[in-house]
Amino acid sequence: MSDAASEKNTVLMEKIVSLCKRRGFIFQSAEIYGGLNGCWDYGPLGAELKRNLKDYWWRKNVQEREDILGMDGSILTHQEVLKASGHVGGFSDPMCDCLLSKARLRADQIEPQDGDVYSYAGASHEESGWSVDRAYSVLVTEGQDENKARKTARLYYAQFLTDKQISPKKLELADESTEKVEGTTQFNPENGSLLTEPREFNLMFKTHMGASAEDGDESSVAYLRPETAQTIFTQFKNVAETNRVKLPFGIAQIGKSFRNEINPRNYTFRSREFEQMEIEFFCRPDEGMALTDEWLELRLKFYEEIGIPRQHLHILDVPDGERAHYSKKTYDIEYEFPFGIQELEGVAYRTDYDLSKHKECSGKPLDFFDDEAKEKLIPHVVEPSAGCDRTILALICEAFDEETVTDEKGKEEVRTVMRFSPRMAPIKVAVLPLLKNKPELVEKAREIQQILTPFMTVFYDETAAIGRRYRRQDEVGTPFCVTIDFDTLGESGEELKDTVTLRHRDSMEQERISIAELRNFLLDRIH
RNA sequence: GCGGGUAUAGCUUAAUGGUAAAGCCCUAGCCUUCCAAGCUAGUUAUGAGGGUUCGAUUCCCUCUACCCGCUCCA
């Protein structure tokens, strides 16, 4: 991305964040206390939007399918579950920092090196009387000049100088000593500088069960789940046995997960608390690869149906070596966010890894009798795992639009429109009496509101001029506005009696529709 | 976690070591017959904590959050 494009996208993102706050889609968590890093709250409209997304996902994946069952598992998770899944111990990265360049490196990805280690106890500057006592060393590999070590060390110690006018070259190094080493990973391959000791970053939130549990009591340890998937695997046997299922079949779940991200970023995109919409689709071993491709297509269709067009999505076929070790095939579905192309959903073929692990660790039989093969087997699993909050953010970014409109006086102005698909829009219809100081109009509008509220989210507004009310609805993405005027009351004759103005958000066009038809007209377009 | 930036009303901006200003928005009233109209009135702010000072939004320190770049994202 060029600097200009990057700048433009930053401005776009700021506008989106501002609108989300101003109109009550998304607020920073605990804002009045200064905010909580990596956590966000949904306001009234955000909550409606999210509910629409979750409801539609559930409808498509559970309600309309005979072969997928729903569940809703606990967030607090038994530590043995996460030991079996590999999250305890494995769900962390040892990291170290370069003392000179401050670069952060994965400790397990540093190539072992051989060479001479030059160590120093500190440095001083004679003229100013400045000195520092701090051990530091530099690796000089074969073929490199030993003066490189001294130069690097002086640069390191120069960081502590209070007088930045002093050149690092003028520093006197203290107590140089050398030592031959082989296969060391304590030095930055880039510059030879010493690294900090590797530190563990565990990405799970840990807690203790029981009100009186002590911090040191290992048996009371529980975790907030880092993914919803594990509750599905641990309940696989119960769900299968209570529902007379046969392969292939799936278990679906929507729920919160928690990861102690090192660096939450990009608005709600990488949050520490987030919601997932996951399906574990169990199948015979020979079906896994084909089902992964089928699920990819189903999921792309889903995004199309909620208003995220195929051309704004990217499919990443995750190559060998970059997939999780248990996965034979993974597709990442990515969206073109203003801040870059980022993952919305992963469709992963996880083989029989999870059930086998839980069978092994729990000692319980998790085999499944397959009627067709007439044998017991550990089912394989294909996992379409979607980020709910990420999809919400994508819906918001996709919907946001600013268009220039010219009014009757020829004056140009910007119309901000959230072009949500009617299916996802937080408010489906606004009911507006043309004038609020005419009781007959207000009364009629209230009647229409009552007709519609059992079926959809309706917003009633009688304040301000009608044009202003239309624009307010544009800004929150309400696809339809209904205006009640004197024709509705029959003042222009029987023909227009009990008809209203129906105004379309995207085109701003208006049509006349009878009140009797209104409900079905709207339902057809929002379902 | 590192480096850089930012923090004043719901939003966009102003100003000041001594009563924090405006526009938009919002609320109420009047008026208004279909795209942010007009008039009147009104609500709302210096991110948190500490220090210097008679007095700090302003100067200094610490913290927090957000943005950008690294890093990370099983």
Side-chain angles (χ1 to χ4, degrees), chain A residues 3 6-7 9-11 13-15 17-19 21-24 27-40 43 82 85-93 95-106 109 196 199 201-204 226-227 259-267 269-272 322-327 332 339 342-343 346 348 387 405-409 411 413-416 432-438 441 463-475 481-489 491-492 500-505 508-510 512:
Chain A
D3 283 358
S6 167
E7 169 70 21
N9 286 324
T10 300
V11 170
M13 214 44 222
E14 279 170 4
K15 282 181 180 173
V17 171
S18 171
L19 184 140
K21 182 181 177 181
R22 181 157 37 90
R23 301 314 303 264
F27 305 122
Q28 193 178 13
S29 179
E31 193 193 69
I32 60 169
Y33 289 103
L36 184 61
N37 186 251
C39 296
W40 303 89
L82 296 163
S85 68
H87 287 91
V88 176
F91 195 42
S92 64
D93 300 314
M95 307 287 296
C96 38
D97 299 314
C98 175
L99 289 168
L100 183 61
S101 70
K102 308 298 178 196
R104 168 160 292 173
L105 304 164
R106 283 270 294 268
Q109 287 179 356
T196 58
R199 277 171 300 168
F201 289 83
N202 196 296
L203 300 182
M204 284 198 295
E227 59 178 24
R259 291 178 200 180
N260 216 341
E261 297 289 353
I262 296 168
N263 195 352
R265 267 295 166 85
N266 289 329
Y267 200 30
F269 183 82
R270 179 165 303 132
S271 300
R272 290 197 164 121
E322 287 180 30
R323 291 192 300 271
H325 61 279
Y326 47 74
S327 176
D332 285 348
F339 47 79
Q342 299 275 357
E343 183 184 345
V405 292
T406 310
D407 67 15
E408 290 162 353
K409 296 165 201 147
K411 206 180 86 190
E413 57 180 12
V414 173
R415 184 173 82 112
T416 303
L432 316 168
L434 189 58
L435 302 170
K436 79 165 164 181
N437 56 358
K438 298 286 181 282
L441 290 177
T463 65
I466 190 71
R468 178 184 293 275
R469 281 179 275 167
Y470 285 153
R471 297 301 174 82
R472 276 181 192 156
Q473 294 307 313
D474 290 342
E475 209 179 32
C481 290
V482 167
T483 302
I484 292 83
D485 61 13
F486 294 99
D487 290 348
T488 312
L489 302 177
E491 289 194 2
S492 304
V500 292
T501 302
L502 184 91
R503 184 259 191 185
H504 295 262
R505 175 195 66 198
M508 296 194 283
E509 280 169 9
Q510 304 185 355
R512 203 73 196 179

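Values below: every heavy atom of this structure, side chains too, minus hydrogens, waters and symmetry copies.
- Whole-Å rounding puts the A:Lys436 NZ to B:G29 C1' distance at 8 Å.
- Residues A:Pro433 and A:Leu441 share a closest heavy-atom pair of CB-O, 3.9 Å.
- Within 4.0 Å of A:Arg503, counting heavy atoms only, lies at least one base atom of the nucleic acid.
- Nucleotides B:C59 and B:C26 have their P atoms positioned 35 Å apart, rounded to a whole Å.
- Residues A:Arg503 and A:Asp474 form a side-chain contact, since some pair of their non-hydrogen atoms from C-beta on lies under 4.5 Å apart.
- A donor and an acceptor atom, one from each side chain of A:Arg512 and A:Thr501, are located under 3.5 Å apart.
- For A:Asn437, the side-chain atoms get nearest to B:U32 when compared with the rest of B:G1, B:U32, B:C66.
- Remark: the separation of the P atoms in B:C11 and B:G4 is 28 Å, to the nearest Å.
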Shorter than 3.5 Å, N or O on both sides, protein versus nucleotides 7-14 of chain B: list them out with atom names.
| residue | atom | partner | partner atom | Å |
| --- | --- | --- | --- | --- |
| B:C11 | OP1 | A:Lys21 | NZ | 3.3 |

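- Comparing B:C70, B:A36, B:U33 against the side chain of A:Glu491 picks out B:U33 as the nearest.
- With hydrogens and angles ignored, the 3.5 Å screen pairs a side-chain donor or acceptor of A:Trp40 with a backbone N or O of A:Tyr267.
- Summarising the geometry, the separation between CD on A:Glu413 and C1' on B:A37 is reported as 11 Å, rounded to the nearest angstrom.
- Of the listed nucleotides (B:A65, B:A37, B:G1), B:A37 has the atom at the smallest distance from the side chain of A:Ala465.
- Across B:C34, B:C66, B:U71, the shortest atom-to-atom separation from the side chain of A:Asn263 is found for B:U71.
- With a cut-off of 3.5 Å on both Watson-Crick or G-U wobble distances, the partner of B:C59 is given as B:G51.
- For A:Asn266, whose side chain is taken as the heavy atoms from C-beta onward, the closest listed nucleotide among B:C34, B:C68, B:A37 is B:C68.
- Rounded to whole angstrom, the span from the CE atom of A:Met13 across to the P atom of B:C68 amounts to 8 Å.
- Scanning all heavy atoms of the two residues, the minimum distance from A:Pro264 to A:Glu261 falls at CD-O, 3.9 Å.
- If you take atom C1' in B:A36 and the same atom in B:C72, they sit 44 Å apart, rounded to whole Å.
- Between B:U57 and B:U53, the distance separating the two C1' atoms is 15 Å to the nearest Å.
- A:Leu36 places its CG atom 8 Å from the P atom of B:C66, with the value rounded to the nearest Å.
- Backbone-only engagement by A:Gly38 is indicated by non-hydrogen atom pairs under 4.0 Å involving sugar-phosphate atoms exclusively.
- The nearest whole Å value for the distance from the CG atom in A:Leu435 to the P atom in B:C35 is 13 Å.
- Distance, A:Arg505 CZ to B:C34 C1': 19 Å, rounded to whole Å.
- Taking atom C1' on both nucleotides, B:C2 is separated from B:U27 by 47 Å, rounded to a whole Å.
- Checking the phosphate oxygens (OP1, OP2) of B:C34, no side-chain nitrogen or oxygen of A:Arg469 falls inside 4.0 Å.
- Counting only heavy atoms from C-beta on, A:Arg472 has its side chain closest to B:U27 among B:C67, B:U27, B:U33.
- The partner of B:A21, taking Watson-Crick or G-U wobble pairs whose two distances both stay under 3.5 Å, is B:U13.
- When each of A:Thr10 and A:Ile32 is assigned the nucleotide of RNA chain B with its nearest heavy atom, A:Ile32 is the one assigned upstream, toward the 5' end.
- Nearest-nucleotide positions on RNA chain B for A:Glu261 and A:Arg471 put A:Arg471 closer to the 5' end.
- Minimum atom distance to the side chain of A:Arg512 is reached by B:C34, of the listed B:C34, B:A65, B:C70.
- Rounded to whole Å, atom P of B:C63 lies 15 Å from atom CG of A:Asn37.
- A:Glu227 comes within 4.0 angstrom of a nucleotide base, judged by non-hydrogen atoms across all strands.
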(message) Show, in sequence, the C-alpha distance, side-chain angles and deciding distance for A:Thr483 and A:Ile466, and conclude whether the side chain to side chain contact (heavy atoms under 4.5 Å, CB included) test is met.
(response) CA-CA 8 Å; A:Thr483 302; A:Ile466 190 71; 3.7 Å; yes
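- With B:G3, B:C66, B:C34 as the candidates, the nucleotide lying closest to the side chain of A:Arg265 is B:G3.
- Per the geometry, CD belonging to A:Glu475 stands 19 Å off P belonging to B:C35, to the nearest Å.
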(message) Assess the residue pair A:Arg415 and A:Glu475 against the criterion (salt bridge (Lys or Arg N to Asp or Glu O under 4.0 Å)); give the C-alpha distance rounded to whole Å, side-chain angles, the decisive distance to 0.1 Å, and a yes or no.
(response) CA-CA 8 Å; A:Arg415 184 173 82 112; A:Glu475 209 179 32; over 6 Å; no
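- For B:U71 and B:C60, the P atoms lie 33 Å apart once the distance is rounded to whole Å.
- On the P atoms, B:A7 is 10 Å away from B:A14, given to the nearest whole Å.
- The backbone N or O of A:Leu434 lies less than 3.5 Å from a partner atom in the side chain of A:Arg469, making a donor-acceptor pair.
- Contacts of A:Tyr267 with the nucleic acid, taken as non-hydrogen atoms under 4.0 Å apart, involve only primed sugar atoms and P, OP1 or OP2.
- A donor-acceptor contact under 3.5 angstrom links the side chains of A:Arg472 and A:Thr463, judged on distance only.
- Remark: the separation of the P atoms in B:A65 and B:A48 is 15 Å, to the nearest Å.
- Interatomic distance, A:His504 NE2 to A:Cys481 SG, rounded to the nearest 0.5 Å: 10.5 Å.
- Pairing partner, B:G3: B:C68, with both Watson-Crick or wobble hydrogen-bond distances short of 3.5 Å.
- A 3.5 Å limit on both hydrogen-bonding distances identifies no Watson-Crick or G-U partner for B:A45.
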